[in-house]
Amino acid sequence: MGTYARSWARLLTAAVVALTALGAHTTAAAEDDERPVPVDRLVPGVPFGPDASRQVDTPDQGAPPRRIGMSATEPVRSAVPAEDADDDYVDPQLVEFVPAKDVERARTFEEERKAEEENEDPYYDDGENAERPEYCTAFTGPYQREVEKRLGLRVNGRQSAADCAAIRHYQQARGIVPGTGFAGPTTWGHLRLDEARRKGPNASRRCPAPFRGGRIVCIDLNRQILWVQSSRTKTVFGPVAIRSGRKGYLTRTGRFSVYWRHKNHVSDIYDAPMPYSQFFSGGQAMHATPGSVYKAPGSHGCINLSNRNARLLWNFLKLHEPVYVWGRKPST
């Protein structure tokens with residue numbers, strides 16, 4: 001083979017290798033979109049409000065917290081976050097967690113759309129720009145199958161254009177942001193809560209009836225919800241979303257009672273704020289978190305609630321009210 005022929009052969013070989021690598025990269029990227037993205041690789045789709053930056057995963061203290069010199073109503077220092085009146089505030093309970101790559105894709109999509117709008121001739125309309133498409137994610141969420149089932153879609157665990165449109169429609173109806181059609185923990189949590197409210201949280205009769213004339217706090221770790229009932233079928237508070245203990249720090253199950261309440265509690269071991277704390281088992285308490293209750297992987301044993309729900313529950317309960325906890329947090 002001559003020098004000229006050998007040169008062409010090398011060039012063709014290099015071209016084939018490059019095209020093969022490009023095809024493999026494209027296939028890998030498509031497969032990445034099709035595989036469910038693990039919850040520990042998700043980030044908030046939009047920034048939380050300023051209070052949420054203070055979210056701390058308060059560990060279970062193991063033993064009851066010290067109460068020497070601490071009043072239940074007059075704390076040493078306040079830990080209750082003030083209500084945020086900022087117009088830019090975003091409720092953490094409405095923020096979906098999405099892949100970091102998706103945040104960049106959505107931002108690029110919006111920037112390109114704005115550039116197109118700026119370059120349009122305002123006096124010319126060909127009828128094609130009357131309704132512009134919105135960004136729709138191609139990523140498969142960690143709760144794809146569960147969301148597909150609840151929304152009456154074809155259940156195959158893979159994101160499709162029809163899935164994205166239906167999920168985005170639900171997100172927009174609930175005010176979940178960003179509404180890009182990703183089947184993340186926030187969307188799944190709201191669907192789970194909707195079902196509990198529609199059917200009744202104690203439809204399975206797992207939570208026992210309280211003593212006559214009393215009430216009982218029911219904490220279902222399987223569904224990550226909490227409610228208070230005055231009978232097996234009568235709910236008097238909730239249900240509301242919670243976040244329980246992660247793997248290695250599981251929330252204890254069984255029958256307990258609220259043995260101490262401290263509105264502005266601060267952990268005496270970790271110096272972490274635990275607003276509206278209502279302790280029921282050693283150092284485990286029901287209390288507020290300024291961040292999202294849908295944030296993975298979970299607490300260090302306590303039952304986290306949104307600031308609003310923790311405040312409402314604080315005003316609703318009293319000392320010595322019974323608490324019943326059962327189940328296990330998913331993925332633990």
Side-chain angles (χ1 to χ4, degrees), residues 19-47 90-120 125-195 197-198 241 292 294-296 330-331:
L19 287 172
T20 302
L22 179 61
H25 175 76
T26 304
T27 302
E31 288 177 353
D32 285 344
D33 288 0
E34 291 177 358
R35 296 193 193 100
V37 183
V39 291
D40 59 358
R41 288 174 52 191
L42 304 179
V43 299
V46 298
V90 177
D91 183 356
Q93 315 317 319
L94 294 175
V95 174
E96 184 57 277
F97 293 82
V98 302
K101 288 182 180 178
D102 211 33
V103 176
E104 293 301 321
R105 290 184 186 181
R107 182 181 296 117
T108 301
F109 180 89
E110 289 301 322
E111 289 174 354
E112 291 176 351
R113 189 165 75 163
K114 287 181 179 178
E116 289 178 3
E117 291 175 352
E118 291 174 356
N119 293 329
E120 281 180 5
D125 183 9
D126 58 4
E128 295 181 0
N129 299 320
E131 189 173 328
R132 293 182 176 278
E134 295 183 16
Y135 178 77
C136 209
T137 184
F139 283 97
T140 296
Y143 302 100
Q144 191 75 32
R145 287 184 176 275
E146 293 88 343
V147 171
E148 288 171 345
K149 183 178 179 180
R150 292 303 189 283
L151 293 179
L153 302 168
R154 180 189 174 194
V155 181
N156 60 8
R158 294 175 62 181
Q159 179 77 318
S160 67
D163 288 349
C164 185
I167 296 170
R168 188 174 61 190
H169 178 76
Y170 175 82
Q171 291 171 336
Q172 292 174 345
R174 292 293 182 275
I176 297 172
V177 292
T180 58
F182 184 73
T186 302
T187 300
W188 169 227
H190 279 261
L191 280 165
R192 201 167 47 211
L193 197 58
D194 286 348
E195 184 178 55
R197 287 169 176 166
R198 184 174 64 255
S292 171
Y294 302 111
K295 178 185 176 184
S331 302

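Residues: numbered from 1 along the sequence shown.
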Could you check whether the rings of Y143 and W188 sit parallel, tilted or perpendicular, using 30° and 60° as the cut-offs? parallel

Separation of [Y] [atom2] from [X] [atom1] (nearest 0.5 Å):
X: D163; Y: N156; atom1: CG; atom2: CG; result: 6.5 Å
X: Q93; Y: L193; atom1: CD; atom2: CG; result: 11.0 Å
X: I167; Y: S160; atom1: CD1; atom2: OG; result: 8.0 Å
X: Q159; Y: C136; atom1: CD; atom2: SG; result: 6.5 Å

Please tabulate, for side-chain N and O atoms in residues 180-187, each donor-acceptor pair with protein atoms closer than 3.5 Å (sequence neighbours left out).
from	atom 1	to	atom 2	distance (Å)
T186	OG1	V95	O	2.7
T187	OG1	E96	OE2	2.6
T187	OG1	Q171	NE2	3.0

Passes side chain to side chain contact (heavy atoms under 4.5 Å, CB included), T108 versus E112? Steps please. CA-CA 6 Å; T108 301; E112 291 176 351; 3.6 Å; yes

Does R158, at its CZ atom, have more than 12 non-hydrogen atoms belonging to other residues, nucleotides or ligands within less than 6.0 Å? no

Please check if the number of heavy atoms outside R41 that lie under 6.0 Å from its CZ is greater than 12. no

Is the shortest heavy-atom distance from the side chain of P92 to the side chain of Y294 under 4.5 Å? no

Min side-chain heavy-atom separation V147-L191 under 4.5 Å: yes

For the student: nearest non-hydrogen atoms of [X] and [Y], plus distance:
X: L42; Y: P142; result: CD1-CG, 4.1 Å
X: G45; Y: P178; result: CA-CD, 3.5 Å
X: A166; Y: L153; result: CB-CD2, 3.7 Å
X: P99; Y: F139; result: CG-CG, 3.9 Å
X: R168; Y: E134; result: NH1-O, 3.4 Å

Given the side-chain rings of Y170 and H190, with only the six-membered ring counted for Trp, is the space between their centroids under 6.0 Å? no

After noting the C-alpha distance and the side-chain angles of R113 and E110, does the key distance pass the salt bridge (Lys or Arg N to Asp or Glu O under 4.0 Å) rule? CA-CA 5 Å; R113 189 165 75 163; E110 289 301 322; 3.4 Å; yes

Does [X] come within less than 4.0 Å of [Y], counting only side-chain N to carboxylate O?
X: R145; Y: E148; value: no
X: R107; Y: E104; value: yes
X: R174; Y: D194; value: yes

Contacts of Y135 that satisfy ring pair (Phe, Tyr, Trp, His ring centres under 6.0 Å) - sequence neighbours left out: F109

